[in-house]
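One structure is given here, and the rest of the page talks about it.
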Number of protein chains: 2
Amino acid sequence: MSPRAAADDGRGSRRRHPTIVDVAERAGVSKSLVSLVLRDAPNVSDEKRAAVTKAAEEIGYRPNAVARSLVRRRSNLIGVMVSDLHNPYFTEVIDGIQEAARGSGYHALFNTGGRAAVEEDEALDTLLQLRTDGIVMAGPVLSPRRIAAVAASVPVVVVAKHSRSPAHDSITNDDRMGARIAVDHLVSLGHRRIAHVDGGRGAGSAQRRAGFLDAMDRHGLRSSARIVTGAFTEEGGRDGVTTLLGDRRGVTAVFVGNDLAAVGALDAFDDHGLRVPADMSLVGYDNIALAGLGHIDLTTIDQPRRDMGVTAVRLLLERHDEDRRSARHLVVPPSLVVRGSTGPPARIGSA
Amino acid sequence: MSPRAAADDGRGSRRRHPTIVDVAERAGVSKSLVSLVLRDAPNVSDEKRAAVTKAAEEIGYRPNAVARSLVRRRSNLIGVMVSDLHNPYFTEVIDGIQEAARGSGYHALFNTGGRAAVEEDEALDTLLQLRTDGIVMAGPVLSPRRIAAVAASVPVVVVAKHSRSPAHDSITNDDRMGARIAVDHLVSLGHRRIAHVDGGRGAGSAQRRAGFLDAMDRHGLRSSARIVTGAFTEEGGRDGVTTLLGDRRGVTAVFVGNDLAAVGALDAFDDHGLRVPADMSLVGYDNIALAGLGHIDLTTIDQPRRDMGVTAVRLLLERHDEDRRSARHLVVPPSLVVRGSTGPPARIGSA
DNA sequence: ACGGAACCTTGGAACGTTCCAGACGTGAGA
DNA sequence: TCTCACGTCTGGAACGTTCCAAGGTTCCGT
């Protein structure tokens with residue numbers, strides 16, 4: 001009598017999982033044949049195939065991915081470290097990753113670092129020890145050094161954070177261009193005195209600031225461009241606008257660093273009795289779901305986040321399956337989404 | 001010369017990961033000793049311990065969790081299937097899970113099913129094949145049958161969906177109680193004619209409806225209670241309110257099924273020129289981040305989501321480590337969060 | 001009738017760990 | 001001096017797969 005026949009695992013607990021050998025015994029074939037059938041290889045007789053399938057079904061066999069990855073030395077897993085799951089920006093990227101992974105025979109598994117470097121490090125370590133075939137880092141706050149170190153042992157693609165590292169790939173949107181689009185839109189509506197409440201030291205903030213100035217310049221409005229410091233939070237937007245309104249010189253439109261901050265701005269305008277868009281136009285950035293709510297209805301700059309997720313997986317597979325060695329840093333174009341927070345400037349007060 | 005010394009893996013690609021044997025060779029000890037040191041066992045001389053640690057460090061050794069789980073027959077992984085990552089409700093539950101897992105030497109790994117049963121099934125299969133030590137299902141839309149089937153091979157706890165299955169544990173908030181709290185709050189402000197825009201067939205919707213009627217009854221307001229059908233979406237709330245306002249009989253307050261729908265309701269009130277809370281009080285449910293935004297400022301019912309996540313992990317470990325066999329179905333109390341969307345009813349129109 | 005190709009099936013090694021049983025000192029107690 | 005215990009270290013089996021080389025059949029062409 002085989003030792004396995006001794007039933008449960010001794011702790012009197014949950015019965016051990018059936019293995020390929022159990023299936024083989026029941027079907028009266030070798031374990032190798034079972035393996036072949038389960039991976040549906042050609043050159044297996046219909047008879048045996050049926051017997052194995054039936055036996056597997058009957059005992060509720062479920063392949064052990066652990067043993068499989070060990071011997072194959074690949075897990076078919078894509079690990080995704082998301083810096084912050086609370087940020088709705090990432091959830092759509094995740095959708096794209098999930099979709100692309102499923103479509104290529106991989107499974108995506110997520111992790112989060114709660115915007116803290118130590119935790120991100122731990123999360124990455126888990127992914128690394130699991131021997132995932134590739135790692136996506138969504139908006140990491142980790143140091144470039146550490147990211148490069150991870151990239152030394154597994155393909156890595158960084159999403160939503162600019163990088164020029166030769167060690168890994170990255171994919172970001174063109175923040176400069178996005179800011180320019182926002183300004184162009186406002187100018188086309190007739191605005192001249194436009195302010196920017198920036199995102200402080202947040203990711204992409206510097207580029208958006210540069211794009212803003214750049215665009216104002218092109219329209220010959222450099223002198224009426226105004227920038228105040230904010231942050232990528234509701235509060236950052238509120239404070240920025242408050243500062244701005246303290247000494248505004250006929251500003252009729254504001255481009256805010258991101259949507260969350262724009263909502264804060266909306267709030268501040270409310271407090272000052274300014275109506276949007278009648279008295280003040282407002283443009284955000286990112287097009288998070290929030291911006292589309294009827295009650296907020298924010299004109300904003302959209303990043304093709306889902307596509308970015310899909311592309312991230314593609315980049316990973318190029319490295320893993322096609323053995324690409326050189327780094328690729330992709331920059332995708334953002335686009336304008338016009339909603340109800342922008343309109344022509346009020347006649348009164350226009351210079 | 002050992003075959004391993006042949007450098008890379010033949011595909012000319014990424015160098016293979018160093019193993020415990022590589023560390024052993026370099027440190028001049030057996031692989032068993034390396035294993036002992038790495039799991040810092042007692043009874044290892046300081047000298048050897050140092051040698052092993054140094055060697056591991058030098059060659060950048062990182063344990064292979066796959067091999068480890070295979071032989072130990074436990075992965076120290078908690079798999080979390082989240083039905084919908086877009087729903088901010090879950091992100092806080094996730095925080096709790098992550099925190100509790102870390103605190104107990106486990107790692108949490110997430111998955112998502114995009115609110116579709118087939119995809120949820122696939123996601124669970126991935127988790128099952130990975131041999132996670134336990135699975136948390138956050139708001140599954142999967143059939144109870146299928147959930148029970150999964151629970152037959154691994155401990156399962158369902159979060160945010162009522163269940164009485166003997167096969168697994170669950171943790172939910174007391175929706176009846178939450179609805180009662182909402183009504184009590186409105187009544188205490190002086191409201192009498194209160195309506196409920198429900199969540200249709202959404203999870204917990206029936207209980208919230210029952211709690212609403214129950215509370216109205218207790219206050220002797222059964223006859224002025226009004227319920228209209230909605231859904232747990234912005235649109236559901238908007239439509240519900242529109243229906244309601246079509247034939248309102250002096251309604252001064254509305255309790256909406258969840259926060260998202262409440263935002264839709266806010267919108268509909270706007271459209272009808274009703275000011276909140278001056279003309280109409282509004283209470284939501286769930287206390288998602290959105291509700292706290294200054295611009296929305298919604299009074300709502302809070303579920304202790306983070307705690308629910310922590311508790312879910314605890315339930316899992318009770319089964320896995322302490323071998324509990326009987327099912328536990330926990331119900332936690334929700335609480336009121338008063339913000340700016342509720343106030344006393346307007347004098348005009350009060351009966 | 002014979003060789004070999006084509007097809008199907010199988011045993012065993014390997015993947016990188018953990019764990020068990022036992023080997024090898026060394027020092028204490030008899 | 002001989003045992004025995006203790007502390008330290010090691011080899012080998014096991015975990016559940018995949019994959020390779022090779023073993024059998026069957027069938028075809030000559």
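Sequence lines set the chain letters: A, B, ... in the order given, protein chains first and strands last, and positions in each chain run from 1.
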Using the salt bridge (charged side-chain N to carboxylate O under 4.0 Å, His left out) rule, collect all pairs that involve residues 98-107 of chain B, keeping only residues at least two apart or in two chains.
A/E122-B/R102, B/E99-B/R306

The helix from C/dA1-D/dT30 to C/dA30-D/dT1: angle between terminal helix axes, five bp per end, to the nearest 10 degrees, reads 60°

Under the salt bridge (charged side-chain N to carboxylate O under 4.0 Å, His left out) rule, what pairs show up with a residue in residues 150-161 of chain A, not counting sequence neighbours?
none

Please determine if a side-chain N or O atom of A/R72 lies less than 4.0 Å away from the OP1 or OP2 oxygen of D/dT17.
no

Return each pair, listed once, that meets salt bridge (charged side-chain N to carboxylate O under 4.0 Å, His left out) where at least one residue sits in residues 129-147 of chain A; pairs must be two or more places apart or across chains.
A/D121-A/R146

Those residues that, when tested against A/S104, pass side chain to side chain contact (heavy atoms under 4.5 Å, CB included) (two or more places apart)
A/Y106, A/L317

Just distance, no hydrogens or angles: give the donor-acceptor pairs under 3.5 Å from side chains in residues 47-55 of chain A, sequence neighbours left out.
from  : atom 1 : to    : atom 2 : distance (Å)
A/R49 : NH2    : A/A41 : O      : 2.8
A/T53 : OG1    : A/R49 : O      : 2.6
A/K54 : NZ     : A/E58 : OE2    : 3.1

Got a sec? Which of residues 57-66 of chain B come in under 4.0 Å of DNA chain D, heavy atoms?
none

side-chain hydrogen bond (donor to acceptor under 3.5 Å, both in side chains) with A/D125: which residues, sequence neighbours excluded?
A/Q129, B/R62

side-chain hydrogen bond (donor to acceptor under 3.5 Å, both in side chains) partners of A/N76, counting only residues at least two apart
A/R74

Among all residues two or more places apart in sequence or in another chain, which pass the side-chain hydrogen bond (donor to acceptor under 3.5 Å, both in side chains) test with A/D84?
none

Listed in order of residue number, which residues of residues 32-48 of chain A have a non-hydrogen atom at under 4.0 Å from DNA chain C?
A/S32, A/L33, A/L36, A/N43, A/V44, A/S45, A/K48

Of all residues at least two apart in sequence or in a different chain, which pass the side chain to side chain contact (heavy atoms under 4.5 Å, CB included) check with B/A67?
A/L70, B/N64

